[in-house]
4 protein chains.
Amino acid sequence: MSSASISRTRTAVLDAALQVFSERTVAGTTVPAISERAGVAVGTLYRHWPSKEALANAVYRQAKELFAEYLHRGAAGRAPADPEQLREAFEAMWDNLTAFAAEQPDALVFVEHQQHAGYLDEESRRLAERVDQMGADLIRAGQRLGLFRQTDPRLLTTMVFGVYVQLSKAHRAGSAALDADAWTEAREAVWSLLSR
Amino acid sequence: MSSASISRTRTAVLDAALQVFSERTVAGTTVPAISERAGVAVGTLYRHWPSKEALANAVYRQAKELFAEYLHRGAAGRAPADPEQLREAFEAMWDNLTAFAAEQPDALVFVEHQQHAGYLDEESRRLAERVDQMGADLIRAGQRLGLFRQTDPRLLTTMVFGVYVQLSKAHRAGSAALDADAWTEAREAVWSLLSR
Amino acid sequence: MSSASISRTRTAVLDAALQVFSERTVAGTTVPAISERAGVAVGTLYRHWPSKEALANAVYRQAKELFAEYLHRGAAGRAPADPEQLREAFEAMWDNLTAFAAEQPDALVFVEHQQHAGYLDEESRRLAERVDQMGADLIRAGQRLGLFRQTDPRLLTTMVFGVYVQLSKAHRAGSAALDADAWTEAREAVWSLLSR
Amino acid sequence: MSSASISRTRTAVLDAALQVFSERTVAGTTVPAISERAGVAVGTLYRHWPSKEALANAVYRQAKELFAEYLHRGAAGRAPADPEQLREAFEAMWDNLTAFAAEQPDALVFVEHQQHAGYLDEESRRLAERVDQMGADLIRAGQRLGLFRQTDPRLLTTMVFGVYVQLSKAHRAGSAALDADAWTEAREAVWSLLSR
DNA sequence: TATGAATGAGTTTTCATTCAT
DNA sequence: GATGAATGAAAACTCATTCAT
C-alpha cells in the first residue's frame, strides 16, 4: 500500500487509542478494544508500534503537541509590551484554549490525566515540560507590566490551568452550564484571578 | 481475632488500596500489590470485598465521605447572612480544603480522577452528587448577597474546584511553589475570581 | 463436651456432607458449604476428619454400610431352597431396596456415583466389593433352582441393579411416575427380566 | 488458520473435555487438564467458549445429540404397526444403543451422570427433555399393540434405560461379563421385562 | 473443644503479543 | 503489509486448611 494509506492507518489507530484511553485509562484499555475502534486488526497495530506502551507514548506526544499548537496559534512570538497587548494576548490564548477544549476534548483529558508517570518515556517527559513552560510566559509578562499579582508565577499558572482543565472536563461531560458564553464569562473571572 | 482487629484489616486494606489506586489507577493496580502494601494475604481481601471493583467503590466512597467531612467542618449549617459572615465562611472552607489536601493527598487525587465511570455503582454515584452540591451552597449565598458574579453557580463552583484540585496535585507532587503561604495567596486569588 | 455431643457433631456433618455431595459432587462441594449445612464451624469439621477427602470416604463407607444393612434385613442368611423361598427372598430384597430408596435417597445416589472415584481409599474399595457380592448371591440361587436365566450372574446383577438405580434416581428427582404401586409393578417386571 | 483447522481445534477440545469430564467430573477437572489433553493452549479454549461451564454445556449437548442420532439411526419414523415390526424396531434400537455404548462410552457416562443440574443452561435442558421423549415412543407403540405391560410408559422407559446405562458402565469399566453375546442376552431379558 | 478470620497455593480467566496465512 | 487465531504469562479469584482466640 502507499504511504498515504499507511498514515491513514496510523491516524485511525492514534485517534481510536486517544478515545478509549481517555475514556478508560491506558491500563484499563485492551489492545483489541483499540484496534476494533480503529477498524484494523490487532496485528496491524503491532506493525506500527512495538507495544501498547509505545502507542500510549505516541498518543500522549501527539496530544501534547496539538495542545502546544493551539496555545501558540496567532501568537506574535514576542512578549506583550503594554497592558493592551497583554489583554489581547490573554484573550487570544484563552480563546485558543477554548477552541482546543471544544475541538479536542479527549486530547486534553488524556494529557491532563496524572498517573502517566509509569510508562512515559524520556522524550514524552521533555515535551511535557516544554509545553508547560509556554503557558507561564504570558503570566510573567503580566507581572512585569505590574498588572498581575506578584506571586510565584508557577502558582498562578497552576491556578489558571486548574480552572481551564476543570471547565474542559465539564464541557466534555456535557454539562449544561458550559455553553459558549460560559467560556467568555470564565475568561473574565480568570482575568480577575490574575489581576492585582 | 477480635472485631477490633477485623476493622484493622479493613482499614489497612482501604488505606493501602487508596495509595496504590491513586498512584497507578484502579485498572493499573494488581490485587497482590494492594494486599502486600496492606500486609495481608490476597484471600483476606476477598473475605471483605467480593471483587477488586467492589473494593474500589469502597475506597471511593470513603474518600468522598472524608472530603465531605472536611468540607463541613465548623460549618454553622446556616447560610451566611452578611458579607462578613460570607468572608468568614469562605476562609473557613478554604482552610478546610487546604487541610484536606495536606492531610489526605491520595484521597483527593483518587476521587478527582475522572474515569471512575466504568466501575462506580449507584451508591457511589449518588454520594458523589450529594457532595458536589455542598460546595455550591456557599457560592449561591455569595450571589444572593450581591458579592459574587451573577453567573451560573455551577460555572463558579467548577472553576474554584479546578483551582483547588490543581493546587492539590502540585502539592502532592512536591512542588516547591506550594508552601503554606501559597495556599493563602491562592485563597485571595480565588476570592477575586468569585467577586464582582 | 460429652462424647454424646461429639457424635452428634459427627452425625450432623456426615448427614450434611452426604446431602451436598449427592447434590453437587465431591469436587463441586466446598468445605464451608458442608459445615454451614451441618451447623458447625469449618474448624470443627477438621477436628473430626483430617481432610475433605477423608470425610468423603467416611460418608461413602457409611452410605455403603447402610445399603448393606437394608439389603440384609430379614434375610435368613441361608440360600433359598425352593422356588417359593426364592420368590419370598426376592420380594423381601426388593422391598428392602425400595425402602432404602425412599428413606435414604441421597445415600444411594452418592454411592452409585462414586464407583471409580479417585479419592476412595483401600478400605472403601474393599467394602464396595463385599456389598456388591451380596446382591449376586440371590441370583445364583435362582439359577441353581433353574428359575433364572442361565447367563453370567454378573450380567443379571448388573441389569437388576441398573433398573433399581434408575428408579431411585427418578424417585429422588420427584418423578410423578414413581408412586408406591410403581415399585411393585417394577418388581414384577424385574422378576420377568430374571426368569427363563 | 483455515476454518477447517478452527473446527479441528473445537473438536479437539470438545473430545478432550468429554474424556476428562467423564473421568473426573466437571468440577473435578481443571481447565489446563482439558487444554493439555486437547493439545492447545489454555487461552485458546477461552477464545471458543467463554467459561469452563459454557464448555461443559457444549460437551453435554454434543453428547446428547450424538445419542439421539444413534437412537434414530435406521428408524422408519413411523410407529410399528404389528408385532413383527415392533420386534424389529426394538432390536434395531437396542443394537443402536449397544453400538453407542461401544463407540462412545465417555459420551454416555458423561450424559448420564446426574448432578449436571448446577450448570446446565436452558438450551441443554430442553435438549435433554426432547431426547428422553424419543425412547418412550417405541414403548408406547408396544403398549398399543398389547404386547407390553400396561404400566406408566415412563416407568418402563426408566427401567430399560437403567439396564442400558448400568451395562454401559460395566462395559466401559472393562467388565469381563460384557462381551458381544452379553448385549444380545441382555436384549432378550429387557424384552421379557417389557412383555406382558 | 469449637470457632471462623486469615492464609496462600491452586484455579479460572484475561490479554499483550506473536506468527502462519 | 494486513490479518486474527493461538499462545502463555500474568491477573483475578477460590477454597482447603490452619491457628489464635
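Basis for what follows: all heavy atoms, side chains included, without hydrogens, waters or symmetry-related copies. To find a chain, count down the sequence lines: A is the first, B the second, and so on, and within it residues start at 1.
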Undergrad: With a 4.0 Å cutoff (strictly under), does any side-chain N or O of A/R47 reach OP1 or OP2 of F/dA2?
TA: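 No, outside the criterion.
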
Undergrad: Give the rounded distance in Å between these two atoms: CD1 of A/I34 and C1' of F/dG4.
TA: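 In whole Å, F/dG4 C1' and A/I34 CD1 are 16 Å from each other.
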
Undergrad: If we count only N and O atoms by modelled type, under 3.5 Å, do the side chains of A/R24 and A/T29 hold a donor and an acceptor together?
TA: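 No, no side-chain donor-acceptor contact under 3.5 Å.
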
Undergrad: Which atom names give the shortest non-hydrogen contact between B/K169 and A/E112, and what distance separates them?
TA: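 Taking B/K169 first and A/E112 second, the nearest heavy atoms are NZ-O, 4.0 Å.
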
Undergrad: Between D/R126 and D/E122, is the closest basic N to carboxylate O distance under 4.0 Å?
TA: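 Salt bridge: yes.
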
Undergrad: F/dC13 pairs with which nucleotide, Watson-Crick or G-U wobble, both distances below 3.5 Å?
TA: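 In the structure as shown, F/dC13 has E/dG10 as its Watson-Crick or wobble partner.
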
Undergrad: Of the listed nucleotides (E/dA6, F/dA2, F/dT7), which one gets closest to any side-chain atom of D/A41?
TA: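 The answer is F/dT7.
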
Undergrad: For D/S35, report the nucleic acid contact type (base, sugar-phosphate, nothing); a contact means any heavy atom under 4.0 Å.
TA: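 Since no nucleic acid heavy atom lies under 4.0 Å of D/S35, the category is nothing.
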
Undergrad: Nearest-Å distance, OH (A/Y119) to P (E/dA16)?
TA: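 Going from A/Y119 (OH) to E/dA16 (P), I get 14 Å.
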
Undergrad: Please confirm whether the shortest side-chain N or O distance from A/H48 to OP1 or OP2 of F/dG1 is below 4.0 Å.
TA: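 The answer is no; no side-chain N or O of A/H48 sits under 4.0 Å from OP1 or OP2.
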
Undergrad: Across all strands shown, which nucleotide pairs with E/dT18 by Watson-Crick or G-U wobble geometry, both distances under 3.5 Å?
TA: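 Across all strands, the one nucleotide that pairs with E/dT18 is F/dA5.
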
Undergrad: Counting heavy atoms from C-beta on, name the nucleotide in E/dT12, F/dT14, E/dA2 closest to the side chain of B/Y46.
TA: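 The closest nucleotide is F/dT14.
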
Undergrad: Less than 4.0 Å between a side-chain N and a carboxylate O, is that true for B/R37 and B/E23?
TA: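 Between B/R37 and B/E23 there is a salt bridge, with a charged N closer than 4.0 Å to a carboxylate O.
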
Undergrad: Taking the side chain of A/V31 as heavy atoms from C-beta outward, which of F/dA6, E/dT3, E/dT17 is closest to it?
TA: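 Shortest atom-to-atom distance from the side chain points to E/dT17.
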
Undergrad: Respond yes when some side-chain nitrogen or oxygen of D/T9 is under 4.0 Å from OP1 or OP2 of F/dA5, and no when none is.
TA: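 No.
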
Undergrad: Measure CD/D/E36 against C1'/F/dG8 and give the value in whole Å, please.
TA: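 Rounded to whole Å, this separation is 13 Å.
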
Undergrad: Out of F/dA12, F/dT17, E/dT12, which nucleotide sits closest to the side chain of C/K52?
TA: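 It is F/dT17.
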
Undergrad: Pick from D/D106, D/V109, D/I34: which one makes a side chain to side chain contact (heavy atoms under 4.5 Å, CB included) with D/F21?
TA: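 Among D/D106, D/V109, D/I34, the one that satisfies the side chain to side chain contact (heavy atoms under 4.5 Å, CB included) with D/F21 is D/I34.
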
Undergrad: Provide, to the nearest angstrom, the distance between the CH2 atom belonging to D/W49 and the C1' atom belonging to F/dA6.
TA: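 These atoms are roughly 14 Å apart.
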
Undergrad: Using OP1 and OP2 only, check whether a side-chain N or O of A/T30 sits under 4.0 Å from E/dT14.
TA: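 A/T30 to E/dT14 OP1/OP2: no side-chain N or O under 4.0 Å.
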
Undergrad: Are A/T44 and F/dT3 close enough that a side-chain N or O sits under 4.0 Å from OP1 or OP2?
TA: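 Yes, because at least one side-chain N or O of A/T44 sits under 4.0 Å from OP1 or OP2 of F/dT3.
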
Undergrad: If each of D/V42 and C/A27 is mapped to the nucleotide of DNA chain F with the nearest heavy atom, which maps nearer the 5' terminus, i.e. the 5' end?
TA: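 Counting from the 5' end, the first nearest nucleotide belongs to D/V42.
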
Undergrad: Which comes earlier along DNA chain F counting from the 5' end, the contact point of D/G39 or that of B/P32, where each point is its nearest nucleotide?
TA: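 Residue closer to the 5' terminus by nearest nucleotide: D/G39.
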
Undergrad: Identify, between A/S51 and C/L45, the residue whose nearest nucleotide on DNA chain E lies closer to the 5' end.
TA: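 It is C/L45, whose closest nucleotide lies nearer the 5' terminus.
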
